[in-house]
Amino acid sequence: MSAVEQYARAHLVTDSSEGHRAVPVVLRYDPEADPHTVRIGLPGSHDRAFARQLLEQGLRAPTTVGDVHVWPCGRVQTVVEFHEREGVTVIQFDASALIRFLRRTHATATAVTR
């Protein structure tokens, strides 16, 4: 199987009294289905899909494509923000988890093209 699935903990940022809430997140990549797309799965919701390149660029500088915004937050955090009809979902990750995931996606994509 060439798909990548990585579990991580992230913080779901809300404007309620909860503030930041730690949640389990699943990062997914399937180069056979779409080699340019990554997915983030949050508990109790559908996967959100967006360009892998957006995630890569957002680790270094604020980047936006459509309704997805990604930007570095300090030296060790990265924020992914989804604007949807129902509202905005803001997820804060340790950048190291995203970097590890992206390395795995590149290794998998390279193996698939051989």
Side-chain angles (χ1 to χ4, degrees):
M1 177 161 89
S2 62
V4 173
E5 187 170 278
Q6 178 177 311
Y7 294 86
R9 287 197 74 69
H11 285 88
L12 186 60
V13 181
T14 67
D15 60 0
S16 71
S17 60
E18 292 181 38
H20 293 260
R21 180 172 47 117
V23 295
V25 175
V26 182
L27 305 168
R28 294 185 175 100
Y29 173 72
D30 186 351
E32 293 175 359
D34 185 347
H36 304 290
T37 300
V38 294
R39 297 179 179 281
I40 294 178
L42 293 170
S45 70
H46 64 281
D47 282 3
R48 287 152 170 103
F50 60 99
R52 179 173 65 164
Q53 183 177 7
L54 177 66
L55 186 57
E56 292 169 340
Q57 292 172 347
L59 288 168
R60 296 181 302 279
T63 308
T64 298
V65 173
D67 296 334
V68 182
H69 308 266
V70 182
W71 69 88
C73 181
R75 297 181 65 171
V76 297
Q77 301 289 312
T78 301
V79 173
V80 180
E81 184 176 279
F82 299 97
H83 292 253
E84 300 168 314
R85 189 178 8 207
E86 299 82 26
V88 178
T89 302
V90 180
I91 311 163
Q92 187 174 15
F93 290 90
D94 284 338
S96 61
L98 298 177
I99 292 167
R100 195 169 38 255
F101 172 69
L102 288 168
R103 284 184 181 146
R104 291 180 65 204
T105 68
H106 285 285
T108 299
T110 302
V112 168
T113 59
R114 288 184 187 172

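The structure presented is a predicted model; accordingly, all values stated were derived computationally and were not measured.
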Evaluate the side-chain proximity of [Y] to [X]: yes if any heavy-atom separation is below 4.5 Å, no if none is.
| X | Y | answer |
| --- | --- | --- |
| I40 | F93 | yes |
| L27 | L98 | yes |
| V79 | V13 | no |
| Q77 | P72 | no |

Would you find more than 12 non-hydrogen atoms of other residues, nucleotides or ligands less than 6.0 Å from [X] atom [atom1]?
| X | atom1 | value |
| --- | --- | --- |
| R48 | CZ | yes |
| H36 | NE2 | no |
| E5 | CD | yes |

| request: For residues A97 and Q6, report the shortest heavy-atom separation together with the two atoms involved. | output: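 Minimum heavy-atom separation between A97 and Q6: O-NE2, 3.0 Å.
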
Under 3.5 Å, is there a donor-acceptor pair between the side chain of [X] and the main chain of [Y]?
| X | Y | value |
| --- | --- | --- |
| Y29 | P35 | yes |
| T63 | A61 | yes |
| R104 | R100 | no |

[X] [atom1] to [Y] [atom2] distance, which is reported to the nearest 0.5 Å:
| X | Y | atom1 | atom2 | value |
| --- | --- | --- | --- | --- |
| T108 | R103 | OG1 | CZ | 14.0 Å |
| R28 | T37 | CZ | OG1 | 14.0 Å |
| H11 | D94 | NE2 | CG | 8.0 Å |
| W71 | E81 | CH2 | CD | 4.0 Å |
| I91 | R21 | CD1 | CZ | 11.0 Å |

| query | Please walk me through it: do V65 and F50 pass side chain to side chain contact (heavy atoms under 4.5 Å, CB included)? | reply | CA-CA 9 Å; V65 173; F50 60 99; over 6 Å; no

| message | Walk me through whether V70 and Q57 qualify under side chain to side chain contact (heavy atoms under 4.5 Å, CB included). | response | CA-CA 8 Å; V70 182; Q57 292 172 347; over 6 Å; no

| In terms of hydrophobic clusters joined by side-chain contacts under 4.5 Å, are V26 and L102 together? |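 No, V26 does not connect to L102 through the hydrophobic network.
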
